[in-house]
Each structure stands twice: as structure tokens, then as C-alpha cells.
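What follows is a short report on a single structure.
None of the values given here were measured: they were computed from a predicted structure. Values reported hereafter were calculated over all heavy atoms of this structure, with side chains retained and with hydrogens, waters and symmetry mates removed.
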Amino acid sequence: MTPLTSAAAALPAEPAQDAVSVLDDPVELRRFTRFATGAAGERIADSSLRISGMHCAACAGTIEQALSRVDGVLEATVSASGERARVRWNPQRTRMAAIVAAIRAAGYDAAPDAALEAREARKLEHRQAVWRLFVAAFCGMQVMMMATPSYVASGAELAPDLRQLLNWGSWLLSLPVMVFSAGPFFRGAWRSLRARRIGMDVPVALGIAVTFVAGSGATFDPGGVFGHEVYFDSLTMFVGFLLAGRLLETRARHRVAQVLEAALSGMPETALRLDAAGEAEQVSVQRLVPGDRVRVPVGQAFPADGEVTAGSTRADESLLTGESVPVAKPCGAAVVAGSLNLGAPVVVRIARVGADTRLEGIVALMRDAMSQRPAAARAADRWAGPFLWAVLLLAAAAAAAWSVIDPSRAIWVAVSVLIVTCPCALSLAAPSALLSAASALARRGVLLQRLDALEALTSIRRVYLDKTGTVTDERLQLAGQARLADAGIDDAELLARAASLAGWSSHPLSQALVAAAADGPRRAAEPAWQDVQELPGQGLSALDAQGRRWRLGRAAFVGAPAAPGDPTGGRAAAWFGCDGRALLRFDFDEALRADARAAVDGLRAQGLQVVLLSGDRPDRAERMGRRLAVDAVIGGATPESKLAEVAAAQACGLRVAMVGDGVNDAPVLARADVSFAMGQGALVARAQADAVVASSRLADLVMARKLALRTMRVIRQNLLWAAVYNGTCIPLALVGWLPPWAAGLGMACSSLGVILNSLRLAR
């Protein structure tokens, strides 16, 4: 049997110059390298590389040894877990191309890591946050241990000198918490005061400072104005809780940044630029300018927006435009950066590069949409100021009143008021319930990236569903077949023969045909194909045992006569025939997710409008809308028109949800009141969505809204409990019947009640 051949093999060979030499281009080198001056005044480069092919820690040692043998490499550090390498080298003695070549010679591969500086900044921020929380938690546990005897002892069971020793120990252990762990709160409060506004850090910093100063006074002078009671345990516990919340927020923000970096790393880093004589040169994509001509091989992404000037191909634009099947790109057709060349090598004239490309335009739309999101945050800011002023004024009024009634109790009454009005239970009412619900959703495969999306989910009135990759699978399915001519062979036999030939190709239509034949009756034997050839953009051809030429592919390639109109009805199709005569046409359609119709019915049963919003052709979108029984269908939508549709609905007072998966959905996902991205979708879409449906089950959307409604009920219960607690304890603190230790105990008990109530959602 003749081996499978490809028409691409007949094209001129690519230039022998390897892409690694492009890394020596100063423009490209600056993307992932920092330069410094050594001790002897020499120029030292510090480069970051992504390593692939590593499987264990021993691989990291192998790469480090290979790099140490390169003359000019001063230091090499390889992380097996992060699959990254940091290399310090002397540009006067070696080149980056030699460094990468040494890694490849060791059996691995390396690529530039352009996000070095951003990742280092995130790593430093995360490390500092972890250390602050560790210091606060560790010191807080020791302080609580030392405070326990004072709480449990009665009468003279605890000697005064021993009590004083324990107070000194608590004071010493509180110093690292005040100096290091609580630093962000004091800096935030100082920035707020310099800007002449009040923020949440101001009362927090004031409460921490007053408690520490008063506790220090009681420690140094037990008989003085501050008395002998100290509350360093409440202080360290309070700081630890706040730092834990901020650490979770930091990690969530960093996770989004990492996803965006991973999405951008999928773009090509080099391109084959053609000179006036048609010779190809491997250059960095940073060197491309409008008017350049580049050759794009099969399987590579287009490096910029442009126009095909030589050749014909197909492009996978599913993550950019929503088109469900590869789009034909004949000579003169426009191509967009980031789409994948599937058919054949082509030459493209660059029209737009960098920030002017279609992909960058989508990212800009996404950023604009994100800037319009925080309406709820602005409303919270309007209420935060008066509330915080009320807390401060209440504490000051209590201190002033008690300075007249009993000056020795004035400070501690003010501290009690600050502690009891500290909105711990109030602040935990929503986050604890949301976190419990998020853990329940995560077990079902729905990963929340913005916790308050659950609240927004309860108030939505319309759900927009993308089509390709959202309500449909990535694969296609055989929708039907039409007999074109009689050849003395029944349709089932023709389907079996076509599927046998399709098995030689990885094309989506070929794979769908193979899957359809596998579900049908089994045939005794497959044809013994010979001289199998796949012509990119055309189809497959082969000889059978009788020497007849069979073809599977486009109509003209197989020999089907031209027909008026579109006989496929807008579907993808493949023709199958023998010796230049088409015998059968196979029509393909997108495979609807198994639970898509049930999910739509479930959403509509909850009183929601469901709209199919797709970038695919209107006829395909309409056909899918009828299968799903949605309320409305909008086809042929661009990223701009999708964003405009959602904005118009919001302008009419509707709160909307968006479910999508592609890069083209990222702007509208960011603009919607609540958004879901399918787990197999584009990284940029997943980064901007409020939740990722990792399970790829649309029915989980119905479950998520039901859980959101339950969560809001639990939050209202928590808020009611917190309000009752504050309404009861604040008067007690004001009249001096609630000492600081009791205020701290009451605050802890109220917080515990809120958390236990919220944990019911995690079941």
C-alpha cells in the first residue's frame, strides 16, 4: 500500500535557519531578559525560559548540568514544578541561541518566558502575604495560650507576678504582629487620610492601634489609667482573620493574571518573512510591519491580521468568530491573528500588527467592559463612608462620656465599642455563605472566580447562550445523506466505504463519518485502499482493488455537478464518488450537548428568557435555536454586536447572564452581570468569566441558580443574626456592662454562629 502523502510536501522547503536564532534579535531578547552590570563592570543578562519535556526533579538537574557546560553561562536555576529556568549569562561570551541549543541537546525544549517581571512581582506579593499571615497566626496562637490562664482562673488562683509575666510575654509576641503583619492596614489607613477620605482600613488600623497602646499601658503600669486588663489575644486574632481574607483575594487576582499570560503565550513568536526575491527569513513577530509578506505553514497561527496573497487554505476561527467549521481562505481573503492555518501553506500580506490586530481589539473591548462592571462596588462605597464615621463617632462619644463618669474606664469602654461594632459577623455573613456555596459548586465542576456572582445570578432575567462550543460539542455529527447517482451499491455499503477511506484523515468531517459508521451495522471487510492521497482543502482519494479511483471531499473534487442554490442547507458537507462521478452526499451538523435542551427547559422553568447569541451564520444559528426551543436567536454576531446587545438589554433594566467559550465572547462575558465560560473554551474567556463550567454540563447552570437562591436566603439569615447581636451588645458596651474580653468573646461567638449556618450550603 502506498504511504499517505500530502500536497504540502510538494511545496518549497522552509528555510534551513532554525527559529532559535531569532532569540538573538535584541527586540526579541528584551521580551524575556533583564540586563544588569556585574562586579567587574561587564554586562550580565538574566533570562527566563519556559521548559517543556520535564517529568521530575532529576530533569531539572540534567538541564542545569547542560547549561553549566556552556561557556558564558554564569548561573542556571531550573524549577521542575514550575517548568521554568532562570539563566544568568554574559552576552560577550555566548548567545541565547547557544543556551537554547544546549537545552535541546539535553533532550528538552525551551521557549521565551515574556511574563518574567509580572510573575516575579506576583510571586513577591504572594510570598509577603503568606509570611504576614503566618506571623500573625503563629504569634496569635502563642498569645492565646498565655491569655488562657487569665480567663479560666478565679480569685487568687493566678498570682499577680505570674499574671504580669504572661502579660509581658503576650506584649512581646504582639510586636511582630503590629510591626510586620498589620503593616498593610496602617499603610492603607495612611493613604486614605492623605487623600482626605475614610476607608475600611481607617477604623481597622485605629482599633488595632488603640488596643495595642492600651494593652501596652496596662502591661507597663497595671495601676495606671489603662488598668490591668490586656487584650493582645483579640488583637492578634483580628489581624489574622483579616490577613487570611486578603490572601484569598490576592490568590484569586493572581490566578486570573496567570490565565491571561497563558492565553497570550499561544501566539506565535516568530514568522517567516519574505523578502523582495521571495526568500524566507525567520524573524520575531515584533519585527513585522504592515506591508510585510509572511509565509504561514500548516498548523501555525497567523501572526497578524492580513490578506492571503498566494495559495488557498482553511482557517480555524472558532475561538475568534464563533464559526463552527474551518473557514475557507482563498487568495484575497482576510485572516486574523490567532486563527489557525489548517489547509495548506499560504503567503499573507500583513495589514495590522500589535495593538491594531483583531485579537488585541477584542482584548481592548474586554478591558472597557470590565471598567464598566463595578456598579455594586460604587454603591458599597457610598454606604461605607457614613457607616465608618458612625462607628468612629460612637466610640469617641463613649470615651468622652466615660471620661466624665469614670476616667479609668473610658479607654476600655471605647475599645469595647470598637470591638463590638467591628463588623466581623456582619462581614462574614455573605463571604462565609458564598464560600460554602462555592465549594458545593466546585464538587459539581462549576468553579467560581467571583463570589458575588452568586448574588447577581439570583436577579438575572435573561440568559445569553453562545452556540459553538457552548450548547454544542466541538465534534460534528452526521445529520443525513443524499443519494446522487445509482452505482448498484446500497447507501449503507457506500457509508462503510466512505468511512473506511475517511479513517486515513484527521479532518473533523472525516472523524464524524468514521464515528457514524461505527454506530451502524458491521461490514465483513474494509476495502484494500491503495495510493491514498490527501489534498489539503480538497479531500481524500484512493484506488480500490479493481483500480477504480474513489474520492471523498469537496463537490468539485469528487465530480458533483453544480446545483442551483445551496443543496446542503448551510450545513457542512462531504461528497463521495467513484471515477469522477459523485454517488452520495453526507450532510453534517453540530452535535448538541446531551443536556443542552434540558438545561434550556430548566432555565425557562425558572422564569428566565433564553437567547441564542452566536457568531455563526444566521441560518445555522436559527436551526440550532429551533432544536433548543429558545426564546430568541441572534446569529452572525461580532464581538462588538454581542457587547452592544448585552448593553442594550442592561439599559432596559434587565440583568443578564452570558455563557460562552471563545475569545470573541470575552468582552461580553466581562460586561454581563454574571458570566459562565465552558471548561474547554479559550483561556481569555475563562479568565474573564465569573465562573468556569469545568464539567461542561449545561445542566449545572440550572443547579447553580437554585443554589444561588438558597445562598441568598442563608445570607439574609446571617445578616439578621448579626443585626440582633449588634443591637443587643452595643448598648451594653456603651453603658460599660460589656468589658473588652466579653466583647471579644461575643464577637467570636456571633462569627461562629454565622459560619455554622453557612456550612449548611456545603452539604
Smallest separation among heavy atoms of [X] and [Y], with atom names:
X	Y	result
Gly215	Val230	O-CG1, 3.5 Å
Val714	Ser758	CG1-CA, 4.0 Å
Leu761	Ala437	CB-N, 4.2 Å
Val668	Val646	CG2-CG2, 3.1 Å
Gly169	Met146	C-SD, 3.6 Å
Val463	Ile460	CG2-CD1, 3.9 Å

Using 0.5 Å steps for rounding, measure from the [atom1] atom of [X] to the [atom2] atom of [Y].
X	Y	atom1	atom2	result
Phe676	Leu701	CZ	CG	5.5 Å
Asp46	Thr33	CG	OG1	8.0 Å
Leu133	Gln128	CG	CD	13.5 Å
Asp690	Ser675	CG	OG	3.5 Å
Asp221	Ser216	CG	OG	12.0 Å
Leu720	Asn757	CG	CG	10.5 Å

Using side-chain contact (heavy atoms from CB on, under 4.5 Å), reason through Thr37 and Ile44 one step at a time and then give a plain yes or no. CA-CA 6 Å; Thr37 302; Ile44 302 299; over 6 Å; no
Under 3.5 Å, which donor-acceptor pairs do the side chains of residues 704-712 form with other protein atoms, sequence neighbours left out?
residue, atom, partner, partner atom, Å
Arg705, NE, Leu457, O, 3.2
Arg705, NH1, Gln606, OE1, 3.1
Arg705, NH2, Thr458, O, 3.2
Thr711, OG1, Leu707, O, 2.7

Contacts of Asp233 that satisfy side chain to side chain donor-acceptor pair (under 3.5 Å) - sequence neighbours left out: Tyr151
Would you say [X] and [Y] make side-chain contact, with heavy atoms under 4.5 Å?
X	Y	answer
Met145	Gln142	yes
Thr211	Phe232	no
Val674	Leu454	no
Leu124	Arg127	yes
Val177	Phe212	no

Going by atom types only, do Ser459 and Arg655 share a side-chain donor-acceptor pair under 3.5 Å? yes
Is the number of heavy atoms from other residues, nucleotides or ligands under 6.0 Å of Phe186 CZ greater than 12?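 Counting other residues, nucleotides and ligands, CZ of Phe186 exceeds 12 neighbours.
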Just wondering, more than 12 heavy atoms not from Gln650 lying within 6.0 Å of its CD?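 For Gln650, atom CD is crowded (more than 12 foreign heavy atoms under 6.0 Å).
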For the pair Phe220 and Trp168, evaluate ring pair (Phe, Tyr, Trp, His ring centres under 6.0 Å) and give the outcome as yes or no after the intermediate values. CA-CA 8 Å; Phe220 283 95; Trp168 272 103; 4.9 Å; yes
For Ser181 and Arg132, what are the C-alpha separation, side-chain angles and deciding distance, and is it a side chain to side chain donor-acceptor pair (under 3.5 Å)? CA-CA 4 Å; Ser181 297; Arg132 286 193 177 97; over 6 Å; no
Between Met178 and Ile208, does a side-chain contact (heavy atoms from CB on, under 4.5 Å) hold up when you go through it step by step? CA-CA 8 Å; Met178 291 294 297; Ile208 292 173; 3.4 Å; yes
Could you give me the CA-CA distance, side-chain angles and deciding distance for Glu75 and Glu64, then say whether side-chain contact (heavy atoms from CB on, under 4.5 Å) is met? CA-CA 9 Å; Glu75 181 183 0; Glu64 289 178 352; over 6 Å; no
Start with the C-alpha distance between Phe180 and Leu175, add both sets of side-chain angles, then the distance that settles side-chain contact (heavy atoms from CB on, under 4.5 Å), and finish with yes or no. CA-CA 8 Å; Phe180 178 66; Leu175 285 178; over 6 Å; no
